[in-house]
Amino acid sequence: MSVEQPLHPGEPHRGGVAGRLNWLRAGVLGANDGIVSTAGLVVGVAGATTSAGTILTAGVAGLTAGAVSMALGEYVSVSSQRDTERALLQKERAELLESPEAELAELAGLYRAKGLSAETAQQVAIELTERDAFAAHADAELGIDPEQLTNPWHAAGASALAFTVGALLPLIAILLPPAGARVPVTFAAVLVALAGTGRLSARLGGTRWVPAVLRLVGGGALAMAVTFGIGALFGASGF
């Protein structure tokens with residue numbers, strides 16, 4: 001068997017798997033934000049008026065503002081992270097050029113700290129340094145893959161898309177039924193969707209799904225109940 005072949009080909013062994021799971025979790029969270037925030041908005045407006053045009057305007061405005069806000073926040077956050085990672089990698093490059101012996105000793109020390117014997121750690125450090133010293137230090141010392149830095153534009157686009165997909169569900173649910181059934185149908189559709197995303201997020205995180213579903217469904221129901229009550233109050237008062 002070649003040493004390059006994994007023992008279990010069907011199992012993922014690359015570091016990118018964790019990154020993909022993080023992206024999936026971020027997408028689920030973005031969709032949840034879109035569902036809950038838009039549902040709360042349109043249900044609140046529906047509590048004050050039966051005008052489909054008004055509800056649609058409020059929903060589209062909320063969807064647009066939310067998607068832009070999510071994208072901007074993700075872009076700024078990931079850009080800051082990427083800048084920090086680039087600065088750390090540049091510093092590591094400089095240290096490897098200025099003091100390669102000290103960096104080799106540091107790498108061996110990192111592997112000793114992970115439980116390897118001094119001799120094995122030294123041998124591992126030497127072999128990794130001969131193969132690619134920069135990649136070895138980036139991984140062991142910084143926990144960064146220089147070839148897989150997160151793209152802030154991709155993160156922003158994914159966040160905006162996830163929010164938009166989530167927001168479309170309550171917007172469609174409240175506009176399709178007749179006026180008298182809008183709020184109950186939206187409540188039901190949103191709670192079912194939140195139960196599904198809660199179960200999916202728990203599965204991605206390897207946790208129990210019941211608590212995740214209860215948190216999301218309970219929080220979503222509370223948000224819609226509060227905004228509907230406020231909308232009904234303002235609608236009854238004539239504001």
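In this text, all values refer to a predicted model and were calculated from it rather than measured experimentally.
Taken to the nearest 0.5 Å, the CG atom of D145 stands 8.0 Å off from the CG atom of D139. Once rounded to the nearest 0.5 Å, the distance linking OG of S79 with CD of E74 reads 10.0 Å. Between atom CZ of residue R131 and atom OG1 of residue T129 there is a gap of 12.0 Å, rounded to the nearest 0.5 Å. A distance of 13.0 Å separates OG1 in T164 from CG in L169, rounded to the nearest 0.5 Å. Put simply, CD1 on I144 and CZ on R82 are 11.5 Å apart, with the number rounded to the nearest 0.5 Å. Distance CZ/R182 to CG/L175: 7.0 Å, rounded to 0.5 Å.
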Worksheet item: Does the side-chain contact (heavy atoms from CB on, under 4.5 Å) test come out yes or no for S37 and F163, once each step is laid out?
Response: CA-CA 10 Å; S37 62; F163 184 94; 3.4 Å; yes

Item to complete: Carefully, step by step, assess L104 and Q122 under the rule side-chain contact (heavy atoms from CB on, under 4.5 Å).
Response: CA-CA 8 Å; L104 177 61; Q122 184 70 18; 4.1 Å; yes

Discussion item. Test side-chain contact (heavy atoms from CB on, under 4.5 Å) on R203 and W209; report intermediate values, then the result.
Written reply: CA-CA 7 Å; R203 182 172 182 177; W209 65 269; over 6 Å; no

Item to complete: Show your working on side-chain contact (heavy atoms from CB on, under 4.5 Å) between L88 and E141 and close with a plain yes or no.
Response: CA-CA 10 Å; L88 290 171; E141 187 175 345; over 6 Å; no

Item to complete: Kindly indicate, with the supporting measurements, whether the criterion side chain to side chain donor-acceptor pair (under 3.5 Å) is fulfilled by Q123 and E119.
Response: CA-CA 6 Å; Q123 185 61 32; E119 294 78 8; over 6 Å; no

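Both L56 and I174 belong to a common hydrophobic cluster when Ile, Leu, Val, Met, Phe, Trp and Tyr are linked at side-chain heavy-atom distances under 4.5 angstrom. By the criterion of side-chain heavy atoms lying less than 4.5 angstrom apart, applied directly or through intervening Ile, Leu, Val, Met, Phe, Trp or Tyr residues, L29 is not grouped with V165; the two fall into different hydrophobic clusters. Under the 4.5 Å side-chain contact rule for hydrophobic residues, V217 and L222 do not share a cluster. Transitive grouping of hydrophobic side chains (ILVMFWY, heavy atoms separated by less than 4.5 Å) keeps V226 and V190 in distinct clusters. Residue L63 is grouped with residue V42 when hydrophobic side chains (ILVMFWY) are merged at heavy-atom distances under 4.5 angstrom, including chains of intermediate members.
Of the options V60, I55, L176, a side chain to side chain contact (heavy atoms under 4.5 Å, CB included) to L171 is made by V60 and by none of the others.
Across all their heavy atoms, L97 and P100 have their closest contact at O-CD, 4.0 Å. Y111 and A121 make their closest contact through CB-CB, 3.9 Å (heavy atoms, listed as atom of the first residue, atom of the second, distance). Closest heavy-atom contact between A58 and L41: O-CD2, 3.0 Å. Residues G47 and F228 approach most closely at CA-CE1, 3.5 Å, considering heavy atoms. For the residue pair G40 and M224, the shortest heavy atom distance occurs at N-CG, 4.3 Å. Between L216 and T197, the closest heavy-atom pair is CD1-OG1, 4.0 Å.
In this structure, E103 and E98 have side chains that are not in contact, with every pair of non-hydrogen atoms separated by 4.5 Å or more.
Formation of a donor-acceptor pair under 3.5 Å by the S69 side chain with backbone atoms of A65 is not found in this model. Checking side-chain atoms of S159 against main-chain N and O of A155 turns up no donor-acceptor pair under 3.5 Å.
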